[in-house]
Structures are given as structure tokens and as C-alpha cells.
Amino acid sequence: MAILVGSETRVVVQGITGNQGSFHTAQMLAYGTRVVAGTSPSRVGGREHGVPIFATVREAVEKEGANASVVFVPARFATDAALEAIDAGVGVLVLVPEHMPVQDTMAVLAFARRRGVTVVGPNTFGVLSTEGRCKMGIPPNHIYRPGPVGLVARSGTLSYEIAASLSAAGLGQTTAVGIGGDPVAGLTFVDVLERFEADPETRAVVMVGEIGGTAEEVAAEFIHRMTKPVVAYLAGRAAPPGKRMGHAGAIIERGRGTLESKRRALTEAGARVAEMPWEVAGLVREALGARAG
Amino acid sequence: MAILVGSETRVVVQGITGNQGSFHTAQMLAYGTRVVAGTSPSRVGGREHGVPIFATVREAVEKEGANASVVFVPARFATDAALEAIDAGVGVLVLVPEHMPVQDTMAVLAFARRRGVTVVGPNTFGVLSTEGRCKMGIPPNHIYRPGPVGLVARSGTLSYEIAASLSAAGLGQTTAVGIGGDPVAGLTFVDVLERFEADPETRAVVMVGEIGGTAEEVAAEFIHRMTKPVVAYLAGRAAPPGKRMGHAGAIIERGRGTLESKRRALTEAGARVAEMPWEVAGLVREALGARAG
Amino acid sequence: MKLYEYLAKGILRQAGVPTAPGEVVDTPEQARAAAERIGPAAVKAQVLVGGRGKAGGIRFGNTPAEVEAAARAILGMDLKGYRVERLYVEGRLDIAQELYVSISTDRGARRPLVMASAKGGVEIEEVADEDIVRRHLDVEVGAWPYVGREVARSVGLEGAQAAAFADIVTRLYDVYRRYDAELVEINPLVVAPDGRLVAADARLNVDDAAAFRHPDLPVVEEGTELERRVRAIGLAYVELDGDIAVMANGAGMAMATLDAIQHYGGRPANFLDAGGGASVEPTAQALEVLVSMHPKVIFINIFGGITRCDDVARALLQVRASRGIPVPVVVRLVGTNEEEGVRLLREAGIEAFRDMGPAAEKAVALAGGRS
Amino acid sequence: MKLYEYLAKGILRQAGVPTAPGEVVDTPEQARAAAERIGPAAVKAQVLVGGRGKAGGIRFGNTPAEVEAAARAILGMDLKGYRVERLYVEGRLDIAQELYVSISTDRGARRPLVMASAKGGVEIEEVADEDIVRRHLDVEVGAWPYVGREVARSVGLEGAQAAAFADIVTRLYDVYRRYDAELVEINPLVVAPDGRLVAADARLNVDDAAAFRHPDLPVVEEGTELERRVRAIGLAYVELDGDIAVMANGAGMAMATLDAIQHYGGRPANFLDAGGGASVEPTAQALEVLVSMHPKVIFINIFGGITRCDDVARALLQVRASRGIPVPVVVRLVGTNEEEGVRLLREAGIEAFRDMGPAAEKAVALAGGRS
């Protein structure tokens, strides 16, 4: 088992003929993902890496049975692409682009809520499930192994670092989910934690947070009630207030979003909080051992 | 029993201090309606016909338990009033004003749909239920009698004419509903027919339609499946195409909305269609007799 | 409120929809001057009726002299009851294909509706249903480019043309929203031989109820002179071709009253809704309009709900006293304050009816019976 | 992107929010001239930091001479690291009460949030929670006047003032939407002795990601000169006060890298995200920036997912060859094409680390150990 995506996920790639879209389509296919269609304004009727190209997501849904979409178009076209996918009836929508206007994101999420669509991102590396071998997004294929750990992160590369260290320690993953680095995102930590809590294969959860907003504090409230152990790492201790640390969402503003607040909330909720990324695997092993004993 | 409103309906009047609002509040109270609050930008904290005046619908809901609103503000403020009532959590919203912009009405209806609010109107005389003595709107109090007939109409005065003739013939009404004379309205004929069909006290339905749109044709599809008899009268036989007959919605446009099309659809659906308004009562009596026999 | 083609085109052009160059003219000489700037041109009557082409309201000219002659032929024409007083001189388009596209309000669905067809150039009612693409819009989302792309695909467009079409749909929706349109239509949307799309004819109907939001929009007066005059005093009025002048309270009642007259073989002269709760003054104004029409009979049909019967009686007697009513008046009067109203009329020698049917029958008889 | 007060006020004024008359000036003489037109005035430093008043960045003058003197005192001041180069001279307001109102994006709720308080005039963070009214907006409906009326009631306003407040909320939301604002704030919203409401100070922060929709908006350059320069080449960069220059790929990795340096007692000189999948050229550009900072050590921390380790190695060697790197470089390099990258560096005499911790520790040691 896994969460969000799996063997039944039939993916349409929006923007399949672009540099990013084409490269990652090949990578997703290599991982085993059922990429059944792509969209592009050009080369309609042709193929990219063997995948048929359509003008619209609606056609991809109707003709190829696509039920999930991953968006690789440039940020300023991403809102249109997202609304198109929701309207066409996909169930899961992964928004890879960085720099989507926040108010556009809110409009997309409102429409998605009405249509019951799960939105991952924007500004996310995506989702990867080891069982069913489905990847929607951009994480490197080789670092993940099947196993009992659910991984949820705001950041891409930092989560790859941690996934690789888990894999190296023999702690494979059920699903890795990127909620994205933007201030407003579809999936929250809580949304993902709920799914991991309900997923029978997931036995422990690793949560990679960072400064900015209060998503980690809200997650802590849920962690209180979780039966599965949670190990957290939080990035941004060295960040000064008022400065955006790369991610649009990674900023301490008006006294909110400090690392200390997040660490305290998570610790009080019973999560094990690693000081450094390389400590995560050890804490997971300890948590799994403690739970088993 | 009755539909839409009844003894448990607690009404807030939006625009209670205006000429219309004040006059009809007195009428509604006289009928027996539980008018529990009014709103007005002026005289907040005061009373109108004994009804407390608030600045917002939210306060009327929180402090007086209002669960339905009837709007008497001028048309250009009606959109704001309607959205306010929906947002404040009323369950039934009656929009009396004529001349609300149609695109505003669509926005109001979309919001109402999301919040599960029933909208009657705009450009409606409202709703009156004899059992429970609840009137939201402007129909004259004296013409209705308790009885087995459900009445639904686009037009006010024409439906009063028919209600009075029913009452005179000893055929009282469960509920009279005005869906309004605008092209886009909250309740449709079908919405109301469904409720009458489900209402145990209603034994026959009178439907007063008119030229314009295809609401009567759509209603005919539902009437096919109804167990209760329907008597219809349709106004506008003498109307030339392309001319608006008073109601914004009463116009034959591009070949749609003709009386002939409606009459044919209703007749084929098994409804009794009266040629003239004064024939309605007789057809109802006949229908009830036929059904009883 | 309908806008003339040239106004609709101006709005579309401003919204970024491609149109041909064009100028509004009032005289043949102006048409010639316009043609000198524009080149070969279509000369189009600016009247608010469909089917101008078939009726001779559109002509073509290759030279300024031809355009002038075309203008001379059209100006002053009677097109379906409207006199042509203004022309639009527009650069001629070479046509590879004619498409149709519009956005209107779908009453039943309570949503905006995009309609498109690869068979444009004729009134959309004449296009077979299976040749029309229909796509409803979500009012809380609107028309983003993807909607246009989907519709473009459905009418068979591809590549750059599909993109141009999608762009036009988005811009049409902007116009639909910004102008509170009931209908914004491009028909035909011409595909030029070089593949470009150009709006060759345009309609824009604005919701009357939203006119207060568009004070800058030039008001186009629709209807006959009498209709305009009566509407100016705030009453719903439609001129018909019969001889029985009619007043009733409420739109539905007014329609039913016409139907009753027709039912008895009479011919109503008008539709007039005096309002569901009108007092003495507006009712008197409405009556004066009826008198001024010189009908054979005046028929007043009142069911007093909010309207008070005594007010109606007073209005009638006031008009009779002030200017006289030279034709028979049939009054049906029931409902609120009925007794007082009937008494007032009786004292003035008018016997009011209680029932609508006999009253209508009497009015028809007084007008000379079945026509 | 933050806008200066005077720009924010201009936008609010255009949107119909009442403001006092004001002028932007660059010199004391201009301030005097402005005061001659405006009368008694506040002279306000135009810098993008809060708490200007307390820091001496706002002064008052009753006469043109006093205003000129105030301007002279403020111009050139250092306010929390920003030099004052521009002033806003604004008509003085008589104050009966100070309110607070703003619309911002609530990340958690994923909705716009109206905040209001009867205790304005101080930073909202300093206002007790129970004195702040919070009202989320539905993005598909927006802020119609009723929302403002509800908020007005909640902060205790009545009558004409409640109506004026409601109107301001609606207009603020228009600005929030039209300018893709992250925050639009009026603080204080002054209640004048005659009861009128006037925006006395304003903030408008625009979403950087939406800047492409606002090409006319004057770009306000935030941050230090170096930060601006690095951002201009498209990299996320923040200047810090340490001596270890840092580059990593991905924002999260870059943050974690700083944390690791701090963990071992070192002080990072900067945050630099070279991108999650950057190729040779941008990586080389980023490295050149680090060299130009004259740090004690350069620390490169790469987890190659999409980023290729050999590309990073090539970029490093390229910069070393072209301009030299006069300080020690510590490299941690794992992931995609790791072997090739490590080999390239080894051939050039650089031994790459496999693990982040020991690499960070080494960098700190080379910089002189714990500070």
C-alpha cells in the first residue's frame, strides 16, 4: 500500500514537450509510472517518449483514462493548466512549477475543493510511491526503497538527502510527498499525516519542515493523536527574521514561523525532533524499535 | 405540512425600515409569520413593528435564531444582501427585488449552492404556507385557505387571481411558491414540484407558467414521473416574439420560449392545461375527483 | 439593451478581439470618404434586427464610388420596421471559412454558455443541433484559456487557429462579464485565407437591470416611439396591433388579460403592466397613455392584492375628469378595498365586473366583436 | 515586493480610500514648498521598515520652516540599516481614535484574511489577540460590503463610521486582488474628530511571483546591493554576517547547510540556493558570487538528484581556472554522476566529502573553529 498514488494511477503530463516535461516524463516512465498521455499546444497527435500528445487534458481523460495530472508548464501558465485538469476530472493534481502567484493558487484550491480534487503543491517535487511504482514529479528515481517509512517534506533536495540516508540505513519508504515550498499549498502536513496514519503499510513518519507559517504547529496538534511515531527535522535555525530563504514560504514574518515555535510544538506533541538531517534515520530506527518493544 | 417554510421558520427581514420592508413586515406578522429580526443601516438597536433591528444578518442569526431571510432592499443592493444572508447561515432566502442584474443572480446562486441554501426568486412574490402560517414575501394575506393544492407560479398577481379562485371553489392551498419572473432564478418549477410530490398534505399541484425560457418544458419531464395531478395555466399566448412582456424572463427569443411548445410538453406529460385562468379550479376539482375515484 | 454592431465591435476591439477596420457614417459622402481610407468595403445598415444581409441591408463596394452608391441605396431603407439612419463601412474580408462563437446566459443551467460552430454565417437557430458545440462555464472560475482550447478542438480547429480561437473565447468572456452581457456573439467569425480569425459581425446585448453599472454605455432606444415614452415613466409596455387598450397589474396578469381578449376574439392594442402595487398617480399616468392611443375600448383588469381597488377607481375618475375618456371603459375590479372602489365607480356611472372572463368578453363586444 | 508608503497611498487613493494630501520630496527645500501647499504636515522617511516613528523617522512641522527643518533632520538618517533618501510630506491629521485594518493571505486557511482592531497605531503583533477581529474571505465570493459591515460592528463602529469602514474594506480587497497583494494594511486608520476615516499609514506588499502581471508597478529594490546583484542573475540569495560562504542546491538543503555550520560553531556568510537542477553555467555564476564575498572558506554542499555532480565539479574547476579561488573550498558531493564528479575534483586536488556533517565540521575548522 501507499498513499495518494499507486499502480492504478494513470498520469497525464501537462507540458510534455517542454524541457522539464520531456526529461521528467522519461524519468517517470523509467521509474515505472503509467504515464498515459501528455498535453502540449504543439505536436498534437504525435508522441513524446512513446506517450501520445493531446491538445487538452479532457481528451487525455476521455481517450486514455488519465486520472491524475502533473503540471510542468511555466509558472504563468500553470493556473490555467491546473484549472483545466480539475475541470477535466482528474483526481490528483501535482503542481511542480515554482513562482505561481499565491492568489492564483487560492483560486485553484477553491475550485479543487468543490470538485474533490487532491492538489499537491505548487512548488513541489511531487509524490512517489514505492509500491505500485508511481512517481508524479521530479525526485530522483534511485534514492527510494520500499519500506515502512512515510516521508513528507516541504523541500525537495533536503528530503532527497533524508530519503537517501533512510534507504542507506535499510529504512525504505511507502510514499514520499512534497507539500511544496509555497506559502499556500494544496496538501498540508496534516492532510498527509492523516493518510499515513490510515495507511497499513506505513509504520513511522518522517516530516521535514522549515521556518515560515504555522503548518508544523498545526501538524503537531494532529501528531498528538497519532498512533504511529513521527520523526521531524526542521530547517532554517540559522535564518534571520524577515528574509525569504529561497522558498516563497520560508520566511519569519511578524514573529510567526520561527523554528523554535515549531520545534517546541512538535516535541510537546511527542515527535522526535532531529537536530541535524543525518540524525533522522537513527531516530526512526529507535522509534520503530520502541514501538515494537 | 407544507413545503419550504412553516412554523419553525424564523425570519429576518433585510431592509426592514424601507417603505416596502416595513409595510410587508406588518403584513407578514399579521399573517402569523415569526419575523424575529430585521436589518437596516439606520435605527440599529431600535424596533420596527416590534421587531428588533440589527446592523447585520449575522447578528440576527446569532441573537434571534433567524434561519430564513426575505430581502426588501433596492435591487442594486440586493446582491450584497443576498450574499450576506447566505454567508450568515440562513437556510431559505427569498429575493423579492425586481431588476437584479442576472450575472449577480448567478453569483448568488453559485454561493448558495455551495452553502446549501434554498433561494427563492429574485423578482418573486415569495412563499406562503397555510399550515404553520408562514409568509415570506408580498402576497395578500386574505386570499389563501388551508387545503390540498400546491401552487407554484412565475407571476405574482396572476397567481393571486388563481389562488383566490381556488379558495372560492373550496380548494385551499398547502403552500404557494413564486419562482419569480427573472430569466435566472434559484428555485425552478422542478425544484418546487419535487417538494410538492414529496409533501404528504399536497394532493394536487397548480403550476402557473408563462412564455420565455424552457422551465415549463423541463418541468414537463418531471411531471411525467409524478404521482400527483398537475393543472397548468400558461400566460402569454398573445405575446409577439422578441418583446419582453414585463418580466425580464417573459420573452420569446430565437424560437425558444413559445407558449405552444410549453403547452405541448405539459399536455404530453399528462398535465391538465387550462385555456383561461378561471378554468383552473374546475380542472383541479376534476383531477382530485379522478384521482380519488 | 442591444448595442449596434459598430458599438459592439468597438468594445470587442478594445477587448483585444481582432476586427476589420471600420467607420460609422451617416451620409453617402462620409461613406465614400471612409472607403478612401479603408479600401474595398462592406456597407452595413446599423439596425437592431437580424438577417440584414438577406433583407438588403448589407452591400459591397470595391471603389469609393461603389461604396457611396451602396450607402445611398441602404440609407433610409426600411428594414423589418426600422429605418436605416446610420451605416458601418468596414474593410472587406476574404473568407476561407465562417465560424460561429457566442457567450450567453443559459437560463435553465443558470450558467454562462459558450456556443460555437464550424458552420457560422447564418443565424444560429438555423444551424443543426449536432453542428453546435455547447460548453457551460462555472461562474466562480470563468473562462480561462483552456475552455477556449477545448471548444476550439470540438469545432475542429488546430494549431495557431485553435490558439487564436481560445484567446477570443477568453476575451469574449471578459466582455460578457464587464458589460453584464446577456449575449455576446461573433457571427461570422471569419477564417481568412491566411488563417487569421476576424470578427466579421458582432452582437452585444446588455442586461437592462445592470445598466446602472454602465453609465457610459450609449443607450440604444429600442421599440416604437410610444413604447419609449411609456417606458420612460417606468412602466412595462409593449405596443401591439389591436384596438382594445389594456391595463392590468402585474406582468402575468397583463399577459393573461391579453390572452383573454384574444380568447373572445378581440385584438389587444398593447401590453401594459401598471405594477403590482401601484398607487393613484402612476395608475393615472398609465391610463392617460391608454387614452392617447385612441383605442375602441379600454379594458382595466385589476386583482387587488397589494394594489388597492379604490386607488384604481380614483385614478380612473381623475383621468376622466381632467381630460375626458372618449371611449368605453370596461373595468374588472376585485380584491383589497374592492367595495370602496366599486362604490366610487358606480357613483360615477361605471359598473365594475367581478370576474375576468365576462369583463373581457364585454370589452371585445364593445370593440365590435370578433375581428 | 514591498511598496513605499507613498506608492501604497497613491494606489489606495486611486482605489477610493480616503487619505490626507501628501507629496513625495527628495530635499528639505522641496519639503518646505510642499508644506506651503499642504499646511501643517508630518514628514515621513520612505524606508521599508516598521517602527519608523519610534526610530525618529517621522517628525512634524506646523510651518513650512518647521517642515523643512524636520526634513533636514530625517534625510540621510540610518533607519535600521536603510539610509533615508526620500520623504513623504503629508497633511497633519487630527486624531480622535486610531484603528487598524488589513487584508492578507492566511497561509493556513488558504484564504484572504481581514484583520481589524479598535487599537490601531501600533504594530499589530503588539495588539492583544482578543482585541483583533479576524474574518476570512471566500475567494470565490470576495469582499462585498456586508463583510465590512460585519467587521465594523465587531470593532465597535456604528452608523456612518461603520458604513465608511465597510466601504474601505471593500476597496482594500479590490487593491488586494488587483495588485496581487500579500498584505495591504492601513495602520493607523485614523478617526478624525469630525468622524471621518482617513488612512494615515499604509503598507502594500505584492507577491513577487505575480510581478509579471504588474509591469507598471515601480520596482522597489529590497535587500543589500549584493543581494540585489545575485537575485538579478536569478538565484535565491540572502546575505548573513558570518565568514563561511555557502552554496547548496535547493532551498531546504541550503537552509540545512547553514544550520549544520552553526551546529559546529561556525558562522555562515550567506544563503544561496543554486537551484534544484542547475547546470554548469549558473552554478559557475553562483560560485563567482561566493568568491567575490572574500569569505574565509567556501562550502559547497550538493545532493545530486536532478543536479549532476559532474556539472558542479566542472563549474568549480572552471571558476578556479578563470579567476582563481584564493580561499579553501570544502565540497560535499553525492548523488547523480557522483563518481565522475569526485574523480574530476580529485584530479584537481580537491577531496570531496560524502557526508554533510563531517564536511560542515571541516569547513568550520578551516574558518578558524568555533567563534
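- For chain A, no part of D/Y237 is nearby; none of its heavy atoms comes within less than 4.5 Å.
- Among all heavy-atom pairs drawn from D/G252 and A/E210, the shortest one is CA-OE1, 4.3 Å.
- For a residue to count as touching a neighbouring chain, one of its non-hydrogen atoms must lie under 4.5 Å from one of that chain's; by this rule D/A254 does not touch chain A.
- Residue A/V218: no heavy atom, backbone or side chain, is found under 4.5 Å from chain D.
- Heavy-atom neighbours of A/H49 NE2 from other residues, nucleotides or ligands within 6.0 Å: above the threshold of 12.
- Using a 4.5 Å heavy-atom cutoff, the side chains of A/M106 and D/P112 are in contact.
- Heavy atoms closer than 4.5 Å to chain D are found nowhere in A/A215, neither backbone nor side chain.
- For the set A/S165, A/A185, A/A248, the entry with the most heavy-atom pairs within less than 4.5 Å of chain D is A/A185.
- Atom CZ in A/R113 sits 6.5 Å away from atom CZ in D/R110 (nearest 0.5 Å).
- Between A/A238 and D/L258, the shortest heavy-atom contact is CB-CB, 3.8 Å.
- The pair A/K243-D/E227 meets the salt-bridge criterion, since a charged nitrogen lies less than 4.0 angstrom from a carboxylate oxygen.
- Using a 4.5 Å cut-off on side-chain heavy atoms (C-beta onward), A/M245 and D/V238 make contact.
- With a 4.5 angstrom heavy-atom cutoff, A/R244 touches chain D via backbone and side-chain atoms both.
- Closest non-hydrogen pair, A/G246 versus D/A236, comes out as CA-CB, 3.6 Å.
- The OH atom of D/Y179 sits 13.0 Å away from atom CD of A/Q103, with the distance rounded to the nearest 0.5 Å.
- Counting heavy-atom pairs under 4.5 Å between each of D/A181, D/P268, D/G304 and chain A puts D/A181 at the top.
- Comparing A/H99, A/H142, A/R237 by heavy-atom pairs within less than 4.5 Å of chain D, the highest count is held by A/R237.
- Inter-residue side-chain proximity for A/H247 and D/D273 is flagged as unmet; no heavy-atom pair is nearer than 4.5 Å.
- D/I124 touches chain A through its side chain: at least one heavy atom from C-beta onward sits under 4.5 Å away, while N, CA, C and O do not.
- Interface check for chain D: of the options A/D104, A/T105, A/N141, A/V208, the most heavy-atom pairs under 4.5 Å are formed by A/D104.
- Of the atoms belonging to D/L48, not a single heavy atom falls under 4.5 Å from chain A.
- Listed for the D/R107 side chain is a donor-acceptor partner under 3.5 Å among the backbone atoms of A/G249.
- Counting only heavy atoms from C-beta outward, the side chains of D/L240 and A/P240 approach each other to under 4.5 Å.
- Within the 4.5 angstrom heavy-atom criterion, no atom of D/E123 approaches chain A.
- Interatomic distance, CG of D/D259 versus CG of A/L234, reported as 9.5 Å (0.5 Å rounding).
- Proximity to chain A is absent for every atom of D/I261, based on heavy atoms less than 4.5 angstrom apart.
- Put simply, CZ on A/R76 and CZ on D/R213 are 9.5 Å apart, with the number rounded to the nearest 0.5 Å.
- Ion pair D/E125/A/R256 not flagged as a salt bridge, since none of the NZ, NE, NH1 or NH2 atoms sits closer than 4.0 Å to an Asp/Glu carboxylate oxygen.
- In D/E225, the CD atom is not crowded: 12 or fewer heavy atoms of neighbouring residues, nucleotides or ligands sit closer than 6.0 Å.
- A salt bridge links A/E161 with D/R332: at least one charged nitrogen is closer than 4.0 Å to a carboxylate oxygen.
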I'd like to know whether D/M255 forms a side chain to side chain contact (heavy atoms under 4.5 Å, CB included) with A/I211, so could you lay out the CA-CA distance, the side-chain angles of the two residues, the decisive distance to 0.1 Å, and finally the verdict. CA-CA 9 Å; D/M255 277 187 269; A/I211 54 159; 4.0 Å; yes

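- Interatomic distance, CG of D/N249 versus OH of A/Y160, reported as 9.5 Å (0.5 Å rounding).
- Looking at heavy atoms from C-beta onward, D/M356 lies out of side-chain contact with A/M276 at the 4.5 angstrom threshold.
- Ionic pairing of D/K2 and A/E253 is not present here: no N-O contact between side-chain nitrogen and carboxylate oxygen is shorter than 4.0 angstrom.
- Rounded to the nearest 0.5 angstrom, A/L158 CG and D/F303 CZ are separated by 10.5 Å.
- Interface residue D/D180: backbone and side-chain heavy atoms are both found under 4.5 Å from chain A.
- Across all their heavy atoms, A/A110 and D/V139 have their closest contact at CB-CG2, 3.6 Å.
- Contact of A/A153 with chain D is not made at all, since no heavy-atom distance falls under 4.5 Å.
- Both the backbone and the side chain of A/P183 come within contact range of chain D, each with at least one heavy atom under 4.5 Å from a heavy atom of that chain.
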Would D/R111 and A/L109 count as a side chain to side chain contact (heavy atoms under 4.5 Å, CB included) here? Give the steps. CA-CA 10 Å; D/R111 292 175 192 272; A/L109 296 183; over 6 Å; no

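- Of the two parts of A/Y233, only the side chain, counted from C-beta on, holds a non-hydrogen atom closer than 4.5 Å to a non-hydrogen atom of chain D.
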